[in-house]
Student: 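Pasting a structure below so you can have a look.
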Amino acid sequence: MSMDGAVDRRNESAQGGTVGAGNGNGNGVVVASLPSYSNNHRIRLNPNLDHKPDSYEDLQLDFSPLLFSSLERYLPPSLLNVNRDTKVQYMRGILLRYAPEGERTRVQRHREYRQKIISNYQPLHRELYTMHAANFFTPSFLKAVNDNTEESFRSIMSEPSPGVFTFQMLQQRFCDMLLNEVENFERWVNETKFRIMRPNTMNKYGAVLDDFGLETMLGKLMEDFIRPISKVFFPEVGGATLDSHHGFVVEYGMDRDVDLGFHVDDSEVTLNVCLGKEFSGGELFFRGVRCDKHVNTETQSEEILDYSHVAGRAVIHRGRHRHGARATTSGHRINLLLWCRSSVFRELKKYQKDFSSWCSECQREKKERQRLSVAAIKLVYYI
């Protein structure tokens, strides 16, 4: 079977509330008319990184608020400083052209499903639902992000294989609270007989954290902590323009999922952090970065990496980095996953044929073409 068949294509990047009609009613509901000048302005090819976009978190939108903030950097100069409602109207007009009606209906149904959970589930640790960086992260990680340089990031990281970075990230107290919160949610699910969606097509156990209220906190995690790192280490796959996420936990053990097959993620950048508990086995194995065309090609010896999980320690890699998880032979392992996505990168990728900036097999093919070209020129020269 092609590996693509095992790849989860679930896309939760469009989230938020319902859009009404009119020009805004003062209650955070943005309306659905398109601006009359939409055909007279073109978005920029490259983002204006000096521009600080507005926040759209307080609005009920039919696309992710982070998507609007990211897209705002691409607006033409004449629109950067207009009022927020005007920018929303313009950007929404663009987004609607790329989101089919069926996809919007699916998103609306998922929004209703999520709201039903949030309205009935009572959180155990409410402090988890708002970002408290000093209470969540290790001091070394916070300092590296605050300094925000490649040197500061590398000072806390190891890179056991090209494109795979590991570092200490989460405080033990945060890991324990999140584990307790997940257990509390699962008890509620069992007691109420509520049917929940699992994280992806490959995991039968675990929970989508976004679905029971942690979406905003995880959005801040991506925007303020993962995106700066991704901008430095993964710029060629949209690391600087991450604008949506899918956050979840997976559970492994003899009475849970035991292992995870060879696959790639539906993300541009993946954050994977072990929360605990006591366990044996469960190593991650990596086998090189591939584009869609080359996803099933052979692994080169230099691409082989096996990584053993440590509680609180993070692994970050490209979503297209092929990987899997070996069997957890004893105990119970729970990991936090954050699939980070860039709508800009995904749109641009539709028009690309060469992915040699990040696909190892494309790189090898390109080098081979260059070698053959040089050899042909030499042959002609000597003849």
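Just so you know, these numbers come straight off a predicted model, no measurement behind them. Values below: every heavy atom of this structure, side chains too, minus hydrogens, waters and symmetry copies.
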Student: Under a 3.5 Å threshold, yes or no: a donor from one side chain and an acceptor from the other, between T328 and R256?
Tutor: no
Student: Side chains of H332 and D255: do they bring a donor and an acceptor to under 3.5 Å?
Tutor: no
Student: Taking everything shown except K231 itself, do over 12 heavy atoms lie less than 6.0 Å from its NZ?
Tutor: no
Student: Is it the case that the side chains of H245 and D210 hold a donor-acceptor pair, with the cut-off being a distance below 3.5 Å and no angle test?
Tutor: yes
Student: Kindly check if the number of other-residue, nucleotide or ligand heavy atoms within 6.0 Å of CD (E151) is above 12?
Tutor: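 Open: at most 12 neighbouring heavy atoms sit under 6.0 Å from CD of E151.
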Student: So for atom CD, which belongs to Q352, do other residues, nucleotides or ligands contribute more than 12 heavy atoms lying within a distance under 6.0 Å?
Tutor: yes
Student: Is the shortest side-chain N to carboxylate O distance from E127 to R173 below 4.0 Å?
Tutor: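 R173 and E127: salt-bridged.
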Student: Check the pair F153, N148 against side chain to side chain contact (heavy atoms under 4.5 Å, CB included), reporting the backbone distance first and the verdict last.
Tutor: CA-CA 7 Å; F153 294 137; N148 195 23; 3.6 Å; yes
Student: Taking the side chain as C-beta and beyond, is there a heavy-atom pair between I377 and V374 under 4.5 Å?
Tutor: no
Student: Between T241 and S70, is there a side-chain donor-acceptor contact under 3.5 Å, judged purely by atom types and distance?
Tutor: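 No, T241 and S70 have no side-chain donor paired with an acceptor closer than 3.5 Å.
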Student: Counting only N and O atoms by type, is there a donor-acceptor contact under 3.5 Å from the side chain of E181 to the main-chain atoms of L124?
Tutor: yes
Student: Take the angle between the ring planes of F355 and W358 and call it parallel below 30°, perpendicular above 60°, tilted in between.
Tutor: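 Judged by the thresholds at 30° and 60°, the geometry between F355 and W358 is tilted.
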Student: Is the NZ atom of K193 crowded by more than 12 outside heavy atoms at less than 6.0 Å?
Tutor: no
Student: Between the side chains of D354 and S356, does any donor sit under 3.5 Å from an acceptor?
Tutor: yes
Student: Would you please classify the geometry between the F185 ring and the W188 ring as parallel, tilted or perpendicular, with 30° and 60° separating the classes?
Tutor: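 Judged by the thresholds at 30° and 60°, the geometry between W188 and F185 is parallel.
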Student: Checking R198 side chain against G206 main chain: does a donor-acceptor pair fall under 3.5 Å?
Tutor: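 Confirmed, R198 side chain pairs with G206 backbone.
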Student: Decide, yes or no, whether a salt bridge links D292 with R320 under the criterion of side-chain N to carboxylate O below 4.0 Å.
Tutor: yes
Student: Is any side-chain N of the basic residue among R154 and E150 closer than 4.0 Å to the acidic one's carboxylate O?
Tutor: yes
Student: Before giving the answer on salt bridge (Lys or Arg N to Asp or Glu O under 4.0 Å), spell out for E183 and K277 the whole-Å C-alpha distance, their side-chain angles and the decisive distance to 0.1 Å.
Tutor: CA-CA 13 Å; E183 290 176 357; K277 306 176 177 179; 2.5 Å; yes
Student: Can you classify the ring geometry of H110 versus Y113 as parallel (below 30°), tilted (30 to 60°) or perpendicular (above 60°)?
Tutor: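 Tilted, since the angle between the ring planes falls between 30° and 60°.
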Student: Is D257 reaching over with its side chain to a backbone N or O of K204, donor-acceptor style, under 3.5 angstrom?
Tutor: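 Yes.
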Student: Using a strict threshold of under 4.0 Å (side-chain N to carboxylate O), is an ion pair present between R318 and E236?
Tutor: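 Salt bridge between E236 and R318, a charged N being under 4.0 Å from a carboxylate O: yes.
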Student: Using a 3.5 Å distance criterion without hydrogens, assess whether the side chain of S373 forms a donor-acceptor pair with backbone atoms of Q370.
Tutor: no
Student: Determine whether the aromatic ring centres of residues F233 and F165 are separated by less than 6.0 angstrom.
Tutor: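 Ring centroids of F165 and F233 are less than 6.0 Å from each other.
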Student: Check this for me, if you would: do D266 and R346 make a salt bridge, where the nitrogen-to-carboxylate-oxygen distance has to be below 4.0 angstrom?
Tutor: yes
Student: Classify the angle between the aromatic ring planes of Y56 and F68 as parallel (below 30°), tilted (30 to 60°) or perpendicular (above 60°).
Tutor: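 It falls in the tilted class, 30° to 60°.
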Student: Can we say R114 and D211 salt-bridge, meaning some charged N sits less than 4.0 Å from an Asp/Glu carboxylate O?
Tutor: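 Yes, R114 and D211 are salt-bridged.
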Student: With a 4.0 Å cut-off on N to O distance, would you call R364 and E298 a salt bridge?
Tutor: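 Here R364 does not pair with E298 in a salt bridge, since their nearest N and O are not under 4.0 Å apart.
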Student: With no hydrogens and no angle check, is any side-chain donor or acceptor of R73 less than 3.5 Å from a backbone partner on P53?
Tutor: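 Flag not set: sc R73 to bb P53 has no pair under 3.5 Å.
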Student: Describe, in one word, how the ring planes of H309 and F279 are oriented to each other, choosing from parallel (under 30°), tilted (30 to 60°) and perpendicular (over 60°).
Tutor: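 The rings of H309 and F279 stand perpendicular, inter-plane angle above 60°.
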Student: For Q171, give me all partners under side-chain contact (heavy atoms from CB on, under 4.5 Å), at least two apart in sequence or on another chain.
Tutor: none
Student: I'd like to know if the side chain of R313 reaches the main chain of C274, judged simply by a donor and an acceptor atom lying under 3.5 Å from each other, with no hydrogens or angles considered.
Tutor: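 No; judged by distance alone, with no hydrogens or angles, the pair does not exist.
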Student: If only atom types and distance count, is the side chain of R333 paired as donor or acceptor with the main-chain N or O of Y252 below 3.5 Å?
Tutor: no
Student: Please assess H323 against T270 for the test side chain to side chain contact (heavy atoms under 4.5 Å, CB included), listing each intermediate value before the final yes or no.
Tutor: CA-CA 11 Å; H323 62 285; T270 292; 5.6 Å; no
